[in-house]
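Just so we're on the same page: letters track the sequence lines, and every chain starts at 1.
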Amino acid sequence: MSESALPRGKSKPPTPWKPSKKLDNPNAVPSLNGRWGYLFTAPFFIMFLIFGLAPIVFSVVLAFFDVDVLSGIYNPVGLANFTELFADSRFWNALVNTFDIWLISTIPMIIMSIGLAAILHNPFLKGSTFWRTILLVPNITSVLAIAIVFGQLFGRDFGMINIIIGALGFEHVDFIQGTTSSHIAIASMIIWRWTGYNALIFLAAMLAIPSELYESASLDGAGKWKQFIYVTLPGLRNTITFVLIVGTIGGLQVFAEPLILGGSYNGGDSGQFSTLTLFLFDQAFVGYRWGYAAAIGIAITLIVMIVSTINFFITRRIAGDKS
Amino acid sequence: MSNYVLKNPNKRPKWHKVSFFGYLMLALITFISIFPFYWMFIVASNGTDEISKIPPTLLPGPRFFTVVSHVYEALPAFNQALLNSFYVGTLVAVAQVFFSALAGFAFAKLNFRGQRYLVLFVVFTMMLPSQLGIIALFKEISLMNLIDTLGALIIPALVTAFGVFWMRQVIDAQVPNELLEAASIDGAGVFRAYWSLVLPIIAQSSFVLGLFSFLASWNDFLWPLLVLNTPENFTAQVAVNQLKSSYAIDYALNMGGAFLSTLPLLILFIFVGRRLVRGVMDGAVKG
């Protein structure tokens, strides 16, 4: 928002907030009748109310009931769904799996996408439009198609990955049956899909760093690597925070990859790659325990909010919030 | 777009030429990005038996059309499913652009009481995990008699908080206030100003938002799987998922279906890929 539109008093200190005096939107076009704003934003708010907010409120209420889906009987049970959830080993298993998959996908992805962006940032790069376009190709594909391909590539007997592992003289790995190995397979799908997209985000942020900063750094004798550490990385602070938070919100709700890889809602024969959201769907649409599933949904929401907040502060600190 | 064009590369001192290693990395990433698509076609054109050998063949085989005909045997309504996906995606894209731009215009250029809180509210709704309300949404959709209709996919997706916020940023940056002032002096109504001034100016960005909405709709998997029951109403994703439900996984069949459901997107991408790249970079958080 431009500050020039706001009144700047020389003598008076900033006055406390007064709703009647101040414009709600200082950038607005004064000659256009603002009342139309209610009508123009109404479709969004009405749709959000019906298909966004109402289901969420109803779900929160559901969490305090035991629902018999067939007869439609709602039996209030207080906090029973939540106490059961805390004692449910499947929940803790799904929680650990979700964090594991999130960790081994997010961190390599961010490092690789910053590295790629740094290569693309070089003005001497030939064919930069081509490389940028290629980076986005994985992102347009459906998770379904990609999970089918990766499921085959990670296959135990004839998957390409195991053929390479075998050719190097090692034993084949049963990726789907193992805990860590199945997490690696799932994380690799996420990394494949999002690395290029995030590289473009980081590239846009790098191009927005003023070139004077690089000039003065190089005058000070900073080489390529030092410029990257002292100019590029600090310039990406907000972008890293943004990518990490968006990645966390998406990553902690991961379900499509494990769902398709395992072919069912249970996340593998021993739940080795069951995730929180997969567990929710399992309870909602296989077990028909809607109240319990709603409680899982609330738990996921709280976890996402807590982790996003922690992420926000950690990245601020690591990247050095000096401004 | 102009900010991505370097005015004078020679002015930047100490930029070294991209090393061999840099090009090698890019070539590797290109290979990794393309290979799964290539592999879909290889498996689909060779059949599962050819692939189940060590070492497996890496070249296209002769059986592609046989596999395609198997896909159509297993899914007689597959063309209908592709059409459904196309129909839903197009409607969702057009509606999202129209409603998002309308609300975005109001948030960027109109002054009404509570405006700033409503903008904050839009941002806040983006942070709510979408899965939280899915059970109740399912219940709601069934109360509206929309289960097993394409309406169950279209109606909840007509406008999103992301689209509204994005359009607000775009209109704020691209549409000059002076132009709207001049139009309103000429007596244009607020809706006329939106329709004949704002929409043409933001056409490029609208196209990008529309494309992303289309892709998201085409690739949506779980929700269509939950609400659609009869093959005539399936989307391409749900149809391809049906191919999996046999005991021994027929990889050629599955990959054939996956390839056919991805091919329209790849063709679309050839024409619009560069615009999508620009859209992603324009929308990036910088700093």
Side-chain angles (χ1 to χ4, degrees), chain A residues 23-25 28-29 31-34 36-38 40-41 43-44 47-48 51 55-56 58-59 119 122-125 131-134 136-138 140-145 148-149 152 158 163 200-201 204-205 207-208 211 215 218 238-239 242 253 256 263 277 284 290 293-294 297 300-301 304, chain B residues 4 6 9 12-15 17-18 22 25-26 30 33 36 39-40 52 54 99 102-103 106 109-113 115-116 125 129 131-133 135-137 140 156 158-159 164 177 180-181 184 190 215 219 221 237 240 244 251 254 258 262 265 269 273-274 276-277 280-281 284-287:
Chain A
L23 286 175
D24 269 285
N25 181 2
V29 180
S31 58
L32 292 177
N33 185 348
W36 286 89
Y38 296 114
F40 286 7
T41 53
F44 168 73
M47 295 296 288
F48 176 72
F51 297 108
I56 288 174
F58 186 57
S59 290
I119 297 174
N122 192 317
F124 287 109
L125 181 75
W131 302 119
R132 289 179 192 183
T133 314
I134 286 289
L136 205 56
V137 172
I140 64 158
T141 335
S142 70
V143 176
L144 176 68
I148 291 172
V149 178
Q152 198 275 339
F158 302 108
I163 289 174
L200 290 177
I201 301 270
L207 290 168
S211 60
E215 282 164 30
S218 77
N238 289 336
T239 314
F242 172 80
Q253 296 181 68
T277 305
W290 284 7
I300 295 175
T301 309
V304 168
Chain B
Y4 305 129
L6 207 64
R12 277 188 181 175
K14 292 277 181 186
W15 272 116
K17 285 220 163 75
V18 181
M25 287 312 289
L26 289 175
T30 304
S33 299
W39 190 241
M40 267 185 226
S52 305
I54 298 176
F99 288 121
L102 195 63
K109 298 295 181 189
L110 300 180
N111 181 51
F112 49 101
R113 188 171 293 179
Q115 187 263 8
R116 62 178 68 205
T125 64
Q131 322 303 343
L132 178 60
I135 303 163
L137 184 64
E140 208 174 88
L158 287 177
V159 54
V164 172
N177 278 9
L180 293 169
E181 293 276 6
S184 61
V190 180
L215 287 174
N219 288 333
F221 168 67
Q237 303 299 315
V240 171
K244 292 203 83 179
Y251 281 118
N254 275 287
T262 309
L265 299 187
F269 188 79
R274 287 174 61 176
L276 280 178
V277 169
V280 169
M281 290 179 65
V285 172
K286 294 154 192 130

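- When P43(A), G297(A), P55(A) are compared by the number of non-hydrogen pairs under 4.5 Å with chain B, P55(A) comes out ahead.
- Between the CZ atom of R132(A) and the CG atom of L200(A) there is a distance of 8.0 Å, given to the nearest 0.5 Å.
- Between the side chain of N219(B) and the backbone N or O of I140(A), at least one donor-acceptor pair lies under 3.5 Å.
- The greatest number of non-hydrogen atom pairs below 4.5 Å with chain B, out of V29(A), L125(A), V304(A), V149(A), is found for V29(A).
- Proximity to chain B (any heavy atom under 4.5 Å) is shown, for T133(A), by both the backbone and the side chain.
- Looking at F48(A), only its side chain comes within 4.5 Å of chain B, counting heavy atoms on both sides.
- Remark: W36(A) CH2 is loosely packed, at most 12 non-hydrogen atoms of other residues, nucleotides or ligands lying under 6.0 Å away.
- Atoms CZ and OG1, on F269(B) and T262(B) in that order, are 13.5 Å from each other to the nearest 0.5 Å.
- Only the side chain of W131(A) comes within contact range of chain B, judged by heavy atoms closer than 4.5 Å.
- Contact annotation for E181(B): both backbone and side-chain heavy atoms come within less than 4.5 Å of a heavy atom of chain A.
- Proximity to chain A is limited to the side chain of L215(B), based on heavy atoms less than 4.5 angstrom apart.
- With chain A as the partner, the residue from V280(B), L102(B), L265(B), V159(B) showing the most heavy-atom pairs under 4.5 Å is L102(B).
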TODO: Given side chain to side chain contact (heavy atoms under 4.5 Å, CB included), test V143(A) with F221(B) step by step and report yes or no.
DONE: CA-CA 8 Å; V143(A) 176; F221(B) 168 67; over 6 Å; no
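- Taken from CG in L136(A) to CZ in R274(B), the straight-line distance is 13.5 Å, to the nearest 0.5 Å.
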